[in-house]
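First up is the structure itself, then whatever we jot down about it.
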Amino acid sequence: MNPRMLTTARDAQGLTQKELGEACRIPQSRLSKAESGIVELTSDELQRLAKRLDVTVALLSWSDEVHGFGSASFFHRKQQSLSQKTLRKIQAQVNFLRMRLQRLYQGIEVDADRAIPSMNPDEHDGPEEVARRLRAYWQLPMGPVGNMVNAIENAGGVIFRNDFGTHRINAISVWHPGAPALFVVNSTLTPEQQRFVLAHELGHMVMHEGFPPRDYAEREADRFAEEFLMPAASVTSDLRGIDLKRAATLKPYWKVSMQSLILRAEHLGLINSGRCRSLHAYMNKLGYLPVEPFPVEREEPSVLVDMVQVHLDDHEYTTKELADVLGMPRNKMLDDFTKRGQRPLRVVS
Ligand SMILES: [Zn+2]
C-alpha cells in the first residue's frame, strides 16, 4: 500500500480520517498511522477501504506522483476562497483523472493534428493577438467557433465534465509531462458558459502554463477568450447599438451568452459602461440571470469515451480488465468514461 494514494483517495471523496475510519470499522489512530506509512493495513481492511473509496485495492499501491494545480489554475483558485477541504477534494479528483488518462494513453497513438502551442502575450502584442494567432494556427474559419470542445480535442486536449460540488470553481486545467493537456470543467455550467470557460482555460494553457504565475493572468485569459470566441474583426458590426433583443438574436449564431455579447460590446467601445450596466439590470429584472433563456446546444467531449472504446473494441479488453487498469470498480468506470459522444472515432489504435 502507498500511503500517499490512500490519502488522495480519501481526499477525492471529501472524507476525514474519522469519517472514513467509522465507515470502514478502522480506528482513526490506525488509519492516521497507515497514511503516515507507520503501520501496514491488513488485506481485509484494505478491501473495506477500497470499497468505500470507490477504487480498487491495487490503486492504493500505485506509485504515481500527486501534483498541485500549476500556473493555469493559480489565480482563479485564489480569487474564489474555497475551503481547504473542497480544494483538496478537487485536487485529488483531478490527480486521479490524470493518472487514469496516462494509463489509457499507454499503447495508444493519438491523432491530434494541431497541438496546443505556448505563446507569451508579452511577446505577441497581448492576449487578443495570441487568440488571433491560435485561430490561424488551428485554421479556424472567420466568425464564430463552431464547436469549442472539438477545437480543443482536435489539438490533443482532453476534456472531462466533473461535478465539483460547488459553483465557485468553473474549471481546472493541468498539463503534466507524459499526459495530454487536461481540462476539467464543472458539469453545472450552462452550455454557453462551458464554451466561454473552455476558451478561458485554453488561454491559460497557451499563455500561462509552464511559466511562473503572473498578476494579470485572469484578465488575460478573459481577453483571450473574448477574442477567440468573438473576434473583433467579425463581431463588431453585429454588436453596434446592441440591445437585449439583438443579443437574443445573436446568441444562437455566436454561441455565447447574451451577457458575453453585451460585455464584448462594451470592451470594444461600442456601448459605454452605463449602457452595459443598464442592460445587465434589465436582464436581471426579466429573470434572465443567472441562468439565461435560449441555451445553445451542449458540446459533449468525446476523446475519453473514444479512448475507452478503443481498448474495449480494438484491444479486446473486457470492461472488468479495463476498470482494473484504471483502478475503478466496473460500474464507476462505465458511468464516468463511456457516455457516448457525438463525434466519430478519431483515435488511432
Ligand atoms: Zn482563470
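We count ligands from 1, going down the list as the structure has it; atoms in each ligand are counted the same way. Fair warning: this is a prediction, and the values are worked out from it, not measured in the lab. FYI, side chains are in, hydrogens and waters are out, and symmetry mates aren't considered; it's all heavy atoms of this structure.
A donor-acceptor pair shorter than 3.5 Å cannot be found between the side chains of His67 and Asn95. Side-chain atoms of Asn186 and Thr188 form a donor-acceptor pair, as typed in the model, at a separation below 3.5 Å. Inspection of the Gln84 and Arg88 side chains reveals no N or O donor paired with an N or O acceptor under 3.5 Å.
A cation-pi arrangement is not found for Arg264 relative to Trp254, the charged atom failing to lie both closer than 6.0 Å to the ring centre and inside a 45° cone about the ring normal.
Around the Zn ion (ligand 1), protein atoms of type N, O or S found under 2.8 Å number 5.
When Glu35, Glu22, Arg30 are each tested for a side-chain hydrogen bond (donor to acceptor under 3.5 Å, both in side chains) with Gln17, only one passes: Glu35.
A side chain to side chain donor-acceptor pair (under 3.5 Å) check over residues 205-215, counting only residues at least two apart or in different chains, returns the pairs Asp122-Arg214, His204-His208, His208-Glu220, Arg214-Glu220.
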